[in-house]
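Structure first, then comments.
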Amino acid sequence: MALWSCARYAKKLSQMLKIKLTQEGKKVDNATNIQFEIWKKDNNKDHEVIEAQYEGDGIYRAEKTFNKDGLYYIKADVTAHDLHVMPTKQVIVGKISEEELKLLQKESQDHAGHHDHH
């Protein structure tokens, strides 16, 4: 249902978070709730929630400025057509530490060995 469009961001610059919603191959233009929940890897307690706005063509967006370098998680909390999905993506902001890089590589290897086919 959700397709992410984000990867690496610059620090202290306004960034556009976008998600494209489709269901059964059709664009979803009437989602009832879409928000992005953002937190830094080393700070699991401080989560920021930003409401997304409909841009058109099934795309929802929100603006965010990251003030610190590091590894972040962004979870899109989406409710549309009686479905609720929460895809989560890791993003890199600026430069990351060696520890964060190792964690990213480890998680990438873990995911490579565990494919879930529907």
Side-chain angles (χ1 to χ4, degrees):
M1 178 170 175
L3 177 64
W4 271 101
S5 146
C6 58
R8 188 174 196 127
Y9 296 127
K11 182 174 71 171
K12 299 200 181 212
L13 289 175
S14 180
Q15 305 293 324
M16 192 62 65
L17 309 176
K18 291 186 179 187
I19 189 165
K20 184 171 187 173
L21 300 180
T22 60
Q23 187 173 20
E24 297 176 359
K26 296 179 183 172
K27 296 169 190 139
V28 175
D29 61 1
N30 59 349
T32 54
N33 179 50
I34 298 184
Q35 55 191 24
F36 294 99
E37 183 177 354
I38 304 162
W39 67 98
K40 198 167 184 296
K41 173 66 180 154
D42 61 4
N43 188 354
N44 206 12
K45 292 182 180 166
D46 292 329
H47 290 221
E48 179 181 5
V49 176
I50 302 172
E51 295 290 326
Q53 303 297 317
Y54 185 60
E55 182 176 279
D57 205 29
I59 298 171
Y60 294 79
R61 63 175 170 77
E63 220 170 307
K64 165 71 178 156
T65 300
F66 294 92
N67 293 317
K68 296 181 180 176
D69 289 337
L71 185 59
Y72 287 80
Y73 290 99
I74 302 175
K75 177 173 25 179
D77 187 342
V78 178
T79 305
H81 300 181
D82 296 325
L83 290 175
H84 185 220
V85 295
M86 297 187 304
T88 303
K89 182 161 183 100
Q90 288 181 324
V91 297
I92 296 170
V93 175
K95 297 176 183 176
I96 61 173
S97 69
E98 283 294 319
E99 180 182 321
E100 289 171 321
L101 180 59
K102 287 177 185 174
L103 178 67
L104 194 58
Q105 290 169 338
K106 180 185 180 313
E107 289 181 359
S108 178
Q109 289 171 351
D110 288 349
H111 287 297
H114 295 96
H115 290 284
D116 189 12
H117 298 279
H118 298 282

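Every heavy atom of this structure was used, including side-chain atoms; hydrogens, water molecules and symmetry mates were not. Quantities reported herein were computed from a predicted structural model and do not represent experimental measurements.
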NZ/Lys40 to NE2/His47 distance, rounded to the nearest 0.5 angstrom?
13.0 Å
Under 6.0 Å from the CD atom of Glu99, do we count more than 12 heavy atoms belonging to anything else shown?
no
Any non-hydrogen side-chain atom of Leu71 less than 4.5 Å from a side-chain atom of Gln90?
yes
The reported gap from NZ in Lys68 to NZ in Lys12 (rounded to nearest 0.5 angstrom) is 9.5 Å
Ile59 CD1 to Asp29 CG distance, which is reported to the nearest 0.5 Å:
12.0 Å
Which heavy atom in Asp69 sits nearest to a heavy atom in Gly94, and how many Å separate them?
OD1-CA, 3.3 Å
4.5 Å side-chain heavy-atom contact, Glu37 and Thr88
no
Are side-chain heavy atoms of Leu17 and Ile38 found at a separation under 4.5 Å?
yes
Considering non-hydrogen atoms only, spot the tightest contact between Lys41 and Tyr73 and give its length.
CD-CE1, 3.3 Å
Taking every non-hydrogen atom, the tightest pair across Tyr9 and Met16
OH-O, 3.9 Å
On a heavy-atom basis, the closest approach of Ala62 and Glu51 is CB-O, 3.8 Å
Atom of Lys11, atom of Asn67 and distance for their closest heavy-atom approach
CD-O, 3.4 Å
Just by distance, do the side chain of Thr32 and the backbone of Thr79 share a donor-acceptor pair under 3.5 Å?
yes
How long is the straight-line distance from CD of Gln15 back to CZ of Arg61, given to the nearest 0.5 Å?
14.0 Å
Which heavy atom in Ser14 sits nearest to a heavy atom in Thr65, and how many Å separate them?
CA-OG1, 3.5 Å
Angle between ring planes, Tyr60 versus Tyr54, binned at 30° and 60°: parallel, tilted or perpendicular?
tilted
Do the side chains of Lys64 and Glu48 get nearer than 4.5 Å, heavy atoms only?
yes
If hydrophobic clusters are built from ILVMFWY residues whose side chains come within less than 4.5 Å, do Phe66 and Ile50 share one?
yes
Are Ile19 and Val85 co-members of a hydrophobic cluster defined by side-chain heavy atoms under 4.5 Å apart?
yes
Looking at Asp57 and Lys27, is any side-chain nitrogen of the basic one under 4.0 Å from a carboxylate oxygen of the acidic one?
yes
Would you say that Leu21 contacts Ile34 through its side chain, given a criterion of any heavy-atom pair below 4.5 Å between the two side chains?
yes
